[in-house]
Protein chains: 2
Amino acid sequence: MSVEFAPLTLEPAYRKVAAAIGARILSRALVEGERLPPETELARQFRVNRSTVREALRELESRGLVQRRAGSKLMSVSRPQQGTVAAGVSHALMLHDVTVRDLWEALTILEPPIAAGAARRRTDADLKCVSAAVEAFAAARGDTEQAVQLSAAVFRCLGEATHNPVLGLAHEPLLRLLGPSLRIMIDEVPQARARIATAHRRLLDALLARDADAAQQWMARHIRDFRKGYEIAGIDLERRVTGVTDPSANPAS
Amino acid sequence: MSVEFAPLTLEPAYRKVAAAIGARILSRALVEGERLPPETELARQFRVNRSTVREALRELESRGLVQRRAGSKLMSVSRPQQGTVAAGVSHALMLHDVTVRDLWEALTILEPPIAAGAARRRTDADLKCVSAAVEAFAAARGDTEQAVQLSAAVFRCLGEATHNPVLGLAHEPLLRLLGPSLRIMIDEVPQARARIATAHRRLLDALLARDADAAQQWMARHIRDFRKGYEIAGIDLERRVTGVTDPSANPAS
DNA sequence: GGTCTAGAAATTGTCCGACAATCATACGAT
DNA sequence: ATCGTATGATTGTCGGACAATTTCTAGACC
């Protein structure tokens, strides 16, 4: 046998540049808010063309590691926003043919402990976040879309209230996928709003009393209700979750 | 009041192009495996320069929506690989100062139900996946790094065995973050390997018997053991989880 | 007919240079 | 000190170029 050589530099330059900058950010050598050097300067340092640098920046940008601050030209280092990451995960789940059942099962697992943790560790600000969403939901009589959003907002506030970023980030993609089926359910099942509002109130009470057990129980019931709602609304549990209605779905005419 | 104008086209062209192509993929108008038109063709269709198209492609690439198949030039549509998405999430969590406690709490919540689901729905192939990892772990006496990887592999196989992609994707980032602290624990706590191996065996037994309760119980105990291990190893629970040791951390010299 | 090969065409990765629009800064006027 | 302005820096986009590599096409051969 001859000497073996490893295949080398299969990676294009733009990815190497992105990896180099990304590693600096992940290692915290570049901290949040710090401004990146201009593209020409990066090109000079890496000994590469500005176009190549720009391609690398697009990758870092979409990973949420760099960001252009509003009304500013220079890129600055940033931590990935929760929304950015969650969108990626929910898109991935959609494309992997996640069913309503899969989603529901995950909620069954995640949300009750989240509610319990929220009851244990909520601050007054968290309480305000939840109660605002709960009240707005109860008030949103007509508007289905708003009701769906507010229902998700309650979950979101509970996630925040755990003060555990892992939990917040873990359930955010689920909330995004929940939208479409929840919308159908609220429209088709007359008693859905009332049951959700009740669960909201009980959850709020449990949070107020810092009663983790009650919060967990009511959340579990809340999620079970979803399933009943699906059945009543005639939503097939094996149906794939549909895409989130995205305002950017604007086909180039 | 004067007429209101919405702020317009703050979005650069490269992002619009990426959004347009991305929307087609998410709406399944472009399906997995399909080859994207060449860059020049895309540039012609969108009426933009090829450089602009390339920047858009870099974004889609990093979101995992398009991919270059090995040794091929053309881009093809793909669903985001689990690894790609999980890497993004774990990076985000790192940068958001997630602590060992946060991570541990999330594992406490997620893993026991995952084990239960795995026991309920595992196939023979899943069983083989788990048992292979379990045996390899028991056999990997010396190599800490391998033991860590195999320990994660057991979790990963269990996640697969639930046949619920949501659960698999939800816990994958946690497994990646687990590495560093687990490595320390295995090195510092003499009995760690034995306890982990025992838990593995019990989990495997439960899977074999399709005993969801036993699987859940043993997994809960397994995770509780982690916490004890952290304490014995002197790992501060409030410590931030450190970065995953990344082979691409190659600073441009 | 099927398979193989060589040349042609297409495609990507990278470079260079250019320019308008916008942002940042320094500087002078009020 | 505040404001407006001129100047320079930076980004977004464009056009063109070229080498390396892949894909396609058309014969050549069995």
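Treat the numbers as computed from the prediction; the structure is a model and nothing was measured. A, B, ... follow the sequence lines: proteins, then strands. Residue 1 opens every chain.
Side-chain proximity of Arg54(A) to the nucleotides dC15(C), dT13(D), dG13(C) is greatest for dT13(D). Proximity note for Pro12(A) (side chain, C-beta onward) versus dT13(D), dG15(D), dG13(C): the nearest is dG13(C). Distance from the side chain of Glu55(A) is smallest for dT14(C) among the nucleotides dC16(C), dT11(D), dT14(C).
Checked for salt-bridge contact, Asp126(B) and Arg121(B) miss the test: no charged N lies under 4.0 Å from a carboxylate O. Remark: Arg58(B) does not engage Glu61(A) in a salt bridge, criterion side-chain N to carboxylate O under 4.0 Å.
Proximity of Thr52(A) to the phosphate of dC15(C): a side-chain N or O atom is located under 4.0 Å from OP1 or OP2. Phosphate contact (OP1/OP2 of dG12(D), side-chain N/O of Tyr14(B), threshold under 4.0 Å): present.
Here the C1' atom of nucleotide dG12(D) and the CG atom of Leu57(A) are 13 Å apart, to the nearest Å. Atoms CZ (Phe46(B)) and P (dT13(D)) sit 13 Å apart, rounded to a whole Å. Atom-to-atom, CZ of Arg50(A) to C1' of dT11(D) comes out at 6 Å; the value is rounded to the nearest Å. The nearest whole Å value for the distance from the CD atom in Glu39(B) to the C1' atom in dT11(C) is 8 Å. Following rounding to the nearest Å, Asn49(B) (CG) and dA18(C) (P) show an atom-to-atom distance of 16 Å. The distance between atom CZ of Arg44(A) and atom C1' of dT10(D), rounded to the nearest whole Å, is 16 Å. Between the CD atom of Glu61(B) and the C1' atom of dT12(C) there is a distance of 12 Å, given to the nearest Å. Look at CZ on Arg68(B): it is 15 Å from P on dT21(D), rounded to the nearest Å.
Ser78(B) places a side-chain N or O within donor-acceptor distance of the main-chain N or O of Gly64(B), the cut-off being under 3.5 Å. Between the side chain of Arg122(A) and the backbone N or O of Leu127(A) there is no donor-acceptor pair closer than 3.5 Å.
Atom CD of Glu160(A) has 12 or fewer neighbouring heavy atoms from other residues, nucleotides or ligands inside a 6.0 Å radius.
For the pair Ala13(A) and Arg35(A), nearest-nucleotide mapping onto DNA chain C gives the more 5' position to Ala13(A).
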